[in-house]
Amino acid sequence: FFGLQASLIVTNKRVFFGLMGTMATEPSAAVDCLGIYYDSAVSANYQIIARASSAGSPTVSSTAVPANTGELMTIYQSTAGTIDFYSGNTLLGSISSGLPTADMNVGVRLETLVAAAKTLNVGYFGLSADAGGAFDDDAFLEA
């Protein structure tokens with residue numbers, strides 16, 4: 001799983017948290033991405049998105065994005081092939097088909113939809129991974 005605790009001003013902005021091939025691309029047009037998405041031009045609610053090889057579109061959840069309130073966002077693989085997306089303890093939705101398999105970057109993307117500067121206050125970013133087999137974390141020292 002990985003998580004982000006952040007608060008934001010919700011007007012005139014797009015925010016993405018998750019995995020994406022390149023964070024320079026708007027998520028709904030990305031080749032590969034998986035994450036939690038907010039676009040004030042589309043909805044006041046969170047969206048979840050999975051795109052694999054340029055296929056897939058955001059799904060609007062029933063949960064509104066709170067303005068200027070810290071929220072812990074979590075992306076969690078609950079079972080093999082199923083990804084759950086949370087805001088606090090609220091399940092925003094799950095995706096189990098059309099998941100990307102390409103190598104991607106993890107992070108946050110913030111885009112303003114007007115010329116005025118916007119902010120995203122990040123209080124926490126964490127990542128937890130369980131390796132399926134032996135994990136050699138110091139191979140770079142052996143070269």
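The residues of the chain are indexed from 1 along the displayed sequence. Keep in mind it's a predicted model, so treat the numbers as computed, not measured.
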Here's a test for you: under side chain to side chain contact (heavy atoms under 4.5 Å, CB included), which of Ile36, Thr59, Val60 qualifies with Gln47?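 Of the listed options, the one satisfying the test is Val60.
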
Could you tell me whether Asn68 atom CG has more than 12 heavy atoms of other residues or ligands within 6.0 Å of it?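 Above 12, so yes.
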
Gap separating the SG atom of Cys33 from the CG atom of Leu19, nearest 0.5 angstrom: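 Separation between the atoms: 9.0 Å.
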
Rounded distance [0.5 Å steps], NZ in Lys13 versus CG in Leu110: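 If I round to the nearest 0.5 Å, the distance is 5.0 Å.
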
Which pair of non-hydrogen atoms, one from [X] and one from [Y], has the smallest distance, and what is that distance?
| X | Y | answer |
| --- | --- | --- |
| Ala30 | Met20 | CB-SD, 3.6 Å |
| Tyr46 | Ala64 | CE1-O, 3.8 Å |
| Met104 | Pro100 | CE-CG, 3.5 Å |

Flag side-chain contact, heavy atom, 4.5 Å: Leu92 against Met73: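 A side-chain contact exists here, since the closest heavy-atom pair is under 4.5 Å.
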
With a 4.5 Å heavy-atom cut-off, do Asp32 and Arg51 have their side chains touching?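 Heavy-atom side-chain distance check fails, nothing below 4.5 Å.
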
For the pair [X] (side chain) and [Y] (backbone), establish whether a donor and an acceptor sit closer than 3.5 Å, ignoring hydrogens and angles.
| X | Y | value |
| --- | --- | --- |
| Tyr38 | Val10 | yes |
| Asn45 | Ser61 | yes |
| Thr25 | Met23 | no |

